[in-house]
Amino acid sequence: MRGSGCSLITATRVSGRYLSHQKGLPSLPVPPLQQTCERYITALEPIVEVDELKQTKELVEEFQKPGGVGERLQTGLEKRAGKTENWLSDWWVQVAYLDYRLPVVVHSSPGLVLPRMNFSDKQGQIRFASKLIAGVLDFKTMIDNRHTPPLCMNQYYEVLSSCRIPGLKRDSVVNHAKSSRPPKHITVVHNSQFFVLDVYNSDGSPLTADQLRIQLERICSSSPQPSVEPVGILTTQHRDSWAKAYMNLIKDKVNKESVSAIQRSIFTVCLDGVMPGGSEATYHSCAAVQMLHGGGSQGNSGNRWFDKTLQFIIGENGMCGANYEHAPAEGPPIVALIDHVVEYTKPETPDLLKSSTVPLPIPQKLDFSITPQIKKDIEEAKQSMDVLAQDLDMRVMVFSHFGKNVPKAHKMSPDAFIQVALQLAYYRLYQRCCATYESASLRMFRRGRTDTIRSASNASAAFVQAFDDPSKQNTEKVVLLEKAVNAHRSYTNMAISGQAIDRHLLGLKMQAVDEKLPIPDVFKDPAYAKALHYRLSTSQVPSKTDCLMCFGPVVPDGYGVCYNPMNDHINFAVSSFNSCEETNGARLAQAMERALLDMRTLLDQTPKAKL
């Protein structure tokens, strides 16, 4: 748990406080089997046909009968929970991330867009980057030393000094913060060339922003032209292709040392060239693309190492943000770090600490020996990345009519209000409801990750079907809206307290695999596949900073919808694939805007209904 630059005494103290804090957190519960089975059937009702549901009910009855396979797996799961810190976490990371073979780019790693920064040249970029690095190191010191809130802090310790390693069929994650000699350097990428930048002085104190600026200037002046072979683009590949290329790449001793230096670094800073900003109206969408995948091989996709848990991206024209590899952590720790860094970079004050008079070591450029095979792998990665970049449609909408203020004025949860509006928008476009995923944090439990809030409910279905029905009175629609919002709030509370259905069902299935039992029929049922085919994959990522997270759809015919509700506006990022004729991000964004406005009008024009 020790951070770079900490003395052994500090590290021991932090480790001790961290461990005692973690022990004080409850373990993730295993929900009762019958409860999950009943809730599973209820969750299917708005998204599957009646005849499908009849078959599923029979399979569920068979699965949960006394003395049946469900009870056996439940008992096994309860035993696992008694023996492990968290019965779910390792399985979840394995299934959701490390076994996932599609590229981490777009499909898994979110991007984060910051407000446009006030600079438009190289000097401004370097000045801001040096303040940002100093801000991250300040956050790191704070995490290493501060008293922790009543939530699992494990993810805060996982985002720095960690990296994903490609493997055939399954990847792994290494965290060097826990090693006997924690890293004291970051990686800086400029013109697709990689540099090691030591960020601590010999006495363990972090470099000041002034010192960092000098070092970044040295890096930029020693890499004025783009690299002929952008090795970083290899990390955008399909995971099995990258695993093969990786094994080939690190056969060479120099390459292996260079890759190891990147993997061991505390985090990565990508200094991008001028990025296409488009018009003022499309600026945020262009920025989202840059943070998510870098714009393709002709853009900045090679100026990255996408396996690195945390990459800060700073464009020469003030376009800034981050990209993070999802296996070690969820969004909240990343957003907490971003909020801290943005606050830290605001004051244009000189460093309080005077820069050391000791000359700084020249940042080390990482060399790569490029064989014909590696060159071929790079060319293939470029082509695949360009196909993916052209396929992704990313729309950022700043909904400026209202924000959290309106639902709060009507005593409604802003998140629930937005999710119900999304259900209405989707229904208006497709005349049906679909399986909808919203992530719920399990951080009140030791090593907790996420569970699923299923936003498509019987209550939301009743509301969206009634909304445009002229035979329905407004008072009735308001009652249905309130029921839909309350149902979402209730499901959210159920999920964050460890009583949702999705991770429990996954656990039961994984327990069967663990016990080498045949997979129960309930998991082979077409309704189960439909329940996991999330045409709407959504996440609320609130922050103090007026920023926005974005990610790709999780199915070819779906949407990725991320939003940050501020007080008087809401930032939305809507993604879809151009190769799917059914989906259209611009249409969903417009439908979302209309749904939110129509719901506000309904509430404003209707006398308060009594439930």
Side-chain angles (χ1 to χ4, degrees), residues 110-118 275-292 317-322 331 335 338-339 342-343 346 393-429 438 455 464 467 481 485 488 536 538-551 559-576 584-606:
L112 187 141
V113 181
L114 286 172
R116 190 190 293 212
M117 297 301 160
N118 190 25
M275 306 173 187
S279 65
E280 196 59 42
T282 61
Y283 171 81
H284 287 101
S285 298
C286 292
V289 161
Q290 287 299 324
M291 302 313 144
L292 201 57
N317 55 350
M319 196 180 273
C320 299
V335 168
I338 292 290
D339 280 341
V342 168
E343 202 55 42
K346 272 181 187 170
D393 179 50
M394 175 59 71
R395 304 284 165 146
V396 173
M397 172 180 81
V398 179
F399 177 81
S400 56
H401 305 279
F402 60 86
K404 289 186 286 192
N405 52 354
V406 164
K408 278 183 170 179
H410 291 277
K411 296 187 169 48
M412 291 181 178
S413 150
D415 181 57
F417 189 85
I418 292 165
Q419 284 286 337
V420 172
L422 184 54
Q423 290 298 312
L424 178 58
Y426 188 91
Y427 187 81
R428 281 171 161 176
L429 293 179
E438 183 188 1
S455 302
V464 301
F467 195 89
L481 170 57
V485 165
H488 186 274
L536 285 175
T538 76
S539 186
Q540 173 187 234
V541 186
S543 66
K544 293 175 196 165
T545 308
D546 196 1
C547 65
L548 176 64
M549 213 168 255
C550 54
F551 46 78
Y559 295 95
V561 182
C562 197
Y563 52 96
N564 180 4
M566 305 300 282
N567 192 51
D568 60 357
H569 66 281
I570 309 167
N571 298 327
F572 284 98
V574 180
S575 65
S576 59
N584 183 313
R587 275 180 67 217
L588 183 64
Q590 284 166 358
M592 191 69 200
E593 181 170 39
R594 196 179 133 223
L596 284 163
L597 289 170
D598 287 353
M599 281 163 59
R600 180 181 69 173
T601 302
L602 173 70
L603 289 170
D604 287 350
Q605 291 181 351
T606 313

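- Of all non-hydrogen atoms in Met566 and Ser543, the two that sit nearest each other are SD-O, 3.8 Å.
- The backbone N or O of Asn584 lies less than 3.5 Å from a partner atom in the side chain of Tyr559, making a donor-acceptor pair.
- Checked against side chain to side chain contact (heavy atoms under 4.5 Å, CB included), Val420 has the following partners two or more places apart in sequence or in another chain: Phe463, Leu481, Ala484, Val485, Met599.
- The SG atom of Cys286 sits 10.5 Å away from the CE atom of Met291 when rounded to the nearest 0.5 Å.
- Using modelled atom types, one finds no donor on one side chain facing an acceptor on the other under 3.5 Å when comparing Gln423 with Ser455.
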Step-by-step side chain to side chain contact (heavy atoms under 4.5 Å, CB included) determination, Asn571 to Val396: CA-CA 7 Å; Asn571 298 327; Val396 173; 5.8 Å; no
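- Between Phe417 and Lys408, the closest side-chain pair of non-hydrogen atoms is not below 4.5 Å.
- Nearest heavy atom pair, residue Ala421 against residue Ala595, reads O-CB, 3.5 Å.
- Under the side chain to side chain contact (heavy atoms under 4.5 Å, CB included) criterion, Val541 pairs with Val335, Ser539, Met549, Cys562, sequence neighbours left out.
- Between the CG atom of Leu424 and the CG atom of Leu429 there is a distance of 9.5 Å, given to the nearest 0.5 Å.
- The heavy-atom pair separating Ala287 from Val113 by the smallest distance is CB-CG1, 3.7 Å.
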Stepwise side chain to side chain contact (heavy atoms under 4.5 Å, CB included) check, Asp546 with His569: CA-CA 10 Å; Asp546 196 1; His569 66 281; 3.0 Å; yes
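- Smallest separation of non-hydrogen atoms from Cys550 and Ala573: CB-CB, 3.7 Å.
- Between the side chain of Asp339 and the backbone N or O of Lys544 there is at least one donor-acceptor pair closer than 3.5 Å.
- Taking NE2 of His284 as the start and CZ of Arg395 as the end, the distance is 15.5 Å to the nearest 0.5 Å.
- Atom OG1 of Thr545 and atom CD of Glu343 lie 7.5 Å apart (nearest 0.5 Å).
- Between Asn405 and Asp568, the side chains place no donor N or O within less than 3.5 Å of an acceptor N or O (distance only, hydrogens not considered).
- Here CD1 of Ile570 is found 4.0 Å from CD1 of Ile418. Values are rounded to the nearest 0.5 Å.
- The environment of Asp604 atom CG is dense: over 12 non-hydrogen atoms of other residues, nucleotides or ligands sit within 6.0 angstrom.
- Heavy-atom minimum distance, Cys547 versus Asn564: O-ND2, 2.9 Å.
- Taking the ring axis of Tyr283 as reference, the NZ or CZ atom of Arg116 stays within 45° of it and closer than 6.0 Å to the ring centre.
- The side chain to side chain contact (heavy atoms under 4.5 Å, CB included) test with Leu422 is passed by exactly one of Thr538, Val574, Leu596: Thr538.
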Candidate pair Glu593 and His401, rule side chain to side chain contact (heavy atoms under 4.5 Å, CB included), full reasoning: CA-CA 9 Å; Glu593 181 170 39; His401 305 279; 3.1 Å; yes
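- Rounded to the nearest 0.5 angstrom, Met592 CE and Phe572 CZ are separated by 4.0 Å.
- The nearest pair of heavy atoms linking Pro110 to Leu292 is C-CD1, 4.1 Å.
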